Amino acid sequence: MSSPKKIPITVDGKKYDVPKNINLVEALSSQGIRVPTLCWYKGMDDCLGTCRVCTVNVNGRPSAACTLNTTEEMKIEFDTSELNDLRKSIIELLFVEGNHYCPSCEKSGDCLLQAEAQALEMTHSRFPYEFNHYEIDYSGEMIILERNRCVHCKRCTELFTNDDGEKVFSFIGKGKDTQVVINKETEKSLSKHKAQEAMDLCPVGAILVKGEGFKTPYGERKFEKEPLWIKK
Amino acid sequence: MTKKKIIIDPVSRVEGHGRVTIHLNDKDELDDAKLHIVEFRGFEKFVQGRPYWEAPVLVQRLCGICPVSHHLCAAKAIDQVVGVNDETITPSAAKLRRLMHYGQVLQSHALHYFYLAAPDLLLGMNSEVETRNIIGLAQMNQDLAKKGILLRKFGQEIIRATAGKKIHGISAVPGGVHKSLSTDEIDSFKRGGDIPSINEVISWCTEVLDHYKTYHRKNQSEILSFDQLESNYLSLIGKNGELELYHGNLRCISATGKKVLDDMNYLKYLDVYQEDVKEWSYMKFPFLKHLGRENGWVRVGPLARLNTCEYIDSPLAQKELEDFRSHNGRFPHGTLLYHWARLIEILHCAEKIQLLLDDPDVTKDDLMAKGNRESEGIGFLEAPRGTLIHHYKVAPDDQITKCNLIVSTTHNNIAMNKSVTQRAHHIWSKHKERGEEFLNEIEVAIRAYDPCLSCATHAIGQMPLKIEIRNNENDLIRTIER
Ligand code: SF4
Ligand code: FES
């Protein structure tokens, strides 16, 4: 098989040759440039670009890198103080909008929001905490929805189905009132393994498998073993 | 009659924030003294609505000094929710939890003795406040201070190895633990290095005890006359009446040693416990129902445990217990004896740690047990400062609906108030014009109990101390500040 055609792009004034028409986050990663992400994950096509944590400037315009494929002569600005601050402030805003108590969260150490906050060296939020009230949904058979932690990334609503291919999660409400809900009928049939898949898919600790948590010792959790960091 | 009120706020080298008010009458005589615990923690409330398996990691945030006690006590309670108890938990999990607990008691007692109490005892209660701390102690006796610091470090490393982190570990999960020890970890405790080896720890503990006993002999009358408080004593107790820090039945004895409660399964604690509320403190006042409000209060912690137990099942600590009893009698009441008792418990923990490090079960992988889901769980534990109770109710959908926590300091609440009042009466006429000495002595009385007033962790820092004298109109008439 012939290797994909390489095309030149510029990142922060430096030229790189990358494969044509591949996901921009992957392309930059192949050159040692780690773009922070939250709703996107490696290998994902057609990301909805809900979180904007991956914002870069493409040909002068702020864009979600995860929603773009590489094209010839793309001019990308990534490591500028303004963009770094913008990405960090999006993470900060997510922390003030939800109620995230990392110390007692089942996903601590495995949570992408927490890992990105660490990678972006967030020590506190510059925005006032909102202390919004969210109901925890205990009505599922296998799953608890801990809405205090949901970042509305839509991974679960778009990508997760039960063994029969039926959706289990959806959004209701609009704007600030948008919330994730479970379809009790389709959730009922989830195996423990499938439920665990949903918990792993959620980048934060909003989807919990009943009775599960804190099974992995310190030092062996995902982002402790492979910490995220921004290559400067 | 005009009354004046002196407020000692905050109390220093006590974890958290306490406030002492001294109430005076119009003749400047001491009328009453109260220790107010005014911080509100709210854990019982905000654990409600959380999934039950979060309790052991959530509630340990109550404290930065003894989080392991809360972690383990909650885990014991939540074990019952998943249908596991002390008999059905795996031997490896039980021993690893015990090891964590002994490490915790050792480090907490070492912190308390060397950082918080010894500066008062060994440097003198009224020595300069700027140097009356672990640094001043190091200047006076470098070897002792160094050993104190390293003993604490050893305990912290045991916690790190068993719980994952020195503070706020996460290894106790419903039904067991999620990690065992590696042989490398065990070797590091046997071999020593940055930390002393377990053999060194044991010999240092006996040295520290010898040092304390020499001090005690020289200052016996001062120590014993400081505060004598006849009280009931409560603790868990082993099957054969031995000192037990992790799991056992409840025993309570009177000031004369009469068993007022014995061999009682702690799951039935509500049959005998009642809690009183007073408008001047956020902390409740528990007492044993059948003895009544006036007489049912207890003391818990190291002195209480040495009084309730018949013996200690580790040889060196048992010898020390015999010595303690030959000096002080079988049921001593001197509040400052808490410190001596604490040092005996440090030695006991070290001996237990040595045995567990030699036990192959702590390296095995049989870590989790299962049972039938229950709707309620009660955990009791002897925390460093005394008996600790966690009680949870859990709905069928897994959310915690009710939580009751009775911590050691709550158990000692009435006793601390009585000690403060007694001490204040004793020293008022001598020290009333001299705020500093007065404050020191009140603080020493409180510190004997090692109260955990909240989770603030200020081991070395001397908090600024302020006395406010107020009349009955609550007008500030005098302020004394450090
Ligand atoms: S529950 Fe998790 S996966 Fe679903 S939208 Fe919220 S954060 Fe994303
Ligand atoms: S990762 Fe690109 S928008 Fe979320």
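The model shown is predicted, which means the values in this text are computed figures rather than measured ones. Within every chain, numbering begins at 1; the chains are lettered A, B, ... in the order of the sequence lines, protein sequences first and strands thereafter.
- Here the CG-CG distance, from A:L208 to B:D398, works out to 10.5 Å after rounding to the nearest 0.5 Å.
- Listed options B:G49, B:S171, B:P174 were ranked by heavy-atom pairs under 4.5 angstrom with chain A; first place goes to B:G49.
- Annotation: A:K184, atom NZ; neighbour count of heavy atoms from other residues, nucleotides and ligands within 6.0 Å does not exceed 12.
- For A:D137, no part lies under 4.5 angstrom from a heavy atom of chain B.
- The main-chain N or O of A:F214 is found under 3.5 Å from a side-chain atom of B:H178 such that the two form a donor-acceptor pair.
- Of the atoms belonging to B:A163, it is backbone heavy atoms, and not side-chain ones, that fall under 4.5 Å from chain A.
- Between the side chains of A:E212 and B:W53, no donor-acceptor pair of N or O atoms lies under 3.5 Å.
- One finds the NZ atom of A:K210 at 8.5 Å from the CZ atom of B:R373 (value rounded to the nearest 0.5 Å).
- Crowding of A:D164 atom CG: a count of heavy atoms from other residues, nucleotides or ligands under 6.0 Å exceeding 12.
- Closest approach of B:K165 to A:Y218, counting heavy atoms only: CE-OH, 3.3 Å.
- Expressed to the nearest 0.5 Å, how far CD1 of A:I144 lies from CD of B:Q399 amounts to 8.5 Å.
- Within the 4.5 angstrom heavy-atom criterion, no atom of A:S139 approaches chain B.
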Chi angles and distances behind the side-chain contact (heavy atoms from CB on, under 4.5 Å) call for B:I170, A:R221: CA-CA 12 Å; B:I170 53 167; A:R221 302 177 304 182; 3.8 Å; yes
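- Here the closest heavy-atom approach between residue A:S104 and residue B:L58 is recorded as OG-CD1, 3.3 Å.
- Within the 4.5 Å cutoff, side-chain heavy atoms of A:I136 are placed close to those of B:R50.
- Heavy-atom contacts from other residues, nucleotides or ligands closer than 6.0 Å to NZ of A:K167 number more than 12.
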